[in-house]
Amino acid sequence: MWQQVLLGCVFAFGCAGVLVPGIPGRWLVWAAMLWWSLHEQTGLAWTLLVCSTAVLLLVQVAIWLMPTRRIHDSGATGRTAVWAGAGAVAGFVLVPVIGAIPGFVAGVYVCERRRLGGHGQAVAATRQLMRAAGASVLVELFGCLLITGAWLGAVIAGGS
């Protein structure tokens, strides 16, 4: 039981690491899946490891294909990342899997609305941030949340 709790913390830290520069969030999520697969050694565990690897490779390709822009030019702060991450997690929980996308954007909007004060300014700032780097962060976070959700589903269904 304690191993599942520890793995859950590593998955959560990995998902949060996507939002924080310097923390290799994708690698933490993949390493947690690898550790779980090596520990479980079931067909489901190996299948999830292979699928997780494929998802993270697709995420990397998608990020490479996106135009590169600087997030600092958009005026984003660390608080924006926290709000965006909280929105993505809340959306992921409320509407499993696909809710992370509108939750992420809503989190950015709420932060910008609080920072700037008005709806029009917040919408403009949200658009600018999503164009600057929000899309690549969103793709990476979505991939990590998808893998974490698959692991959690397997643990709950398998009871181990």
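The figures that follow rest on heavy atoms only: side chains count, while hydrogens, waters and symmetry mates do not. Residues take their numbers from the sequence shown, with the count starting at 1.
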Side-chain heavy-atom pair Trp36, Gln3 within 4.5 angstrom cut-off: no

Cluster link Val105 to Val18, ILVMFWY, side chain under 4.5 Å: yes

Ile147 vs Phe11 side-chain heavy atoms within contact, under 4.5 Å: yes

Pairs flagged by salt bridge (Lys or Arg N to Asp or Glu O under 4.0 Å) wherever residues 82-95 is involved - sequence neighbours left out: none

For Trp35, side-chain contact (heavy atoms from CB on, under 4.5 Å) partners two or more places apart: Leu6, Leu7

Distance in Å, Glu112 CD paired with Arg127 CZ, rounded so as to fall on 0.5 Å steps: 13.5 Å

Side chain to side chain contact (heavy atoms under 4.5 Å, CB included) assessment of Val59 paired with Phe142: CA-CA 9 Å; Val59 163; Phe142 184 73; over 6 Å; no

Partner residues of Cys15 under the side-chain contact (heavy atoms from CB on, under 4.5 Å) criterion, sequence neighbours left out: Val29, Leu141, Cys144, Leu145, Thr148

Taking every non-hydrogen atom, the tightest pair across Glu40 and Ala45: CB-CB, 3.9 Å

With sequence neighbours excluded, residues passing ring-ring contact (aromatic ring centres under 6.0 Å, His included) with Phe92: none

Closest non-hydrogen atom pair between Val108 and Ala84, with its separation: CG2-CB, 3.6 Å

Ser136 (side chain) donor-acceptor with Ile63 (main chain) under 3.5 angstrom: no

Shared hydrophobic cluster for Leu38 and Val155 (ILVMFWY, side-chain gaps under 4.5 Å): yes

Pairwise ring-ring contact (aromatic ring centres under 6.0 Å, His included) hits with a residue in residues 95-118, at least two apart: Tyr109-His119

For Gln121, all residues meeting side chain to side chain donor-acceptor pair (under 3.5 Å), sequence neighbours excluded: none

Qualifying residues under side-chain contact (heavy atoms from CB on, under 4.5 Å), relative to Gln60, sequence neighbours excluded: Arg26, Trp64

Over 12 foreign heavy atoms within 6.0 Å of CH2, Trp27: no

Pairs satisfying side chain to side chain donor-acceptor pair (under 3.5 Å), at least one member in residues 82-107, at least two apart: none

Show me the side-chain donor-acceptor pairs of residues 49-58 shorter than 3.5 Å, one per line, residues at least two apart or across chains.
| residue | atom | partner | partner atom | Å |
| --- | --- | --- | --- | --- |
| Ser52 | OG | Leu48 | O | 2.6 |
| Thr53 | OG1 | Trp30 | NE1 | 2.7 |
| Thr53 | OG1 | Leu49 | O | 2.9 |

hydrophobic_cluster_shared for Val10 and Leu152, side chain cutoff 4.5 Å: no

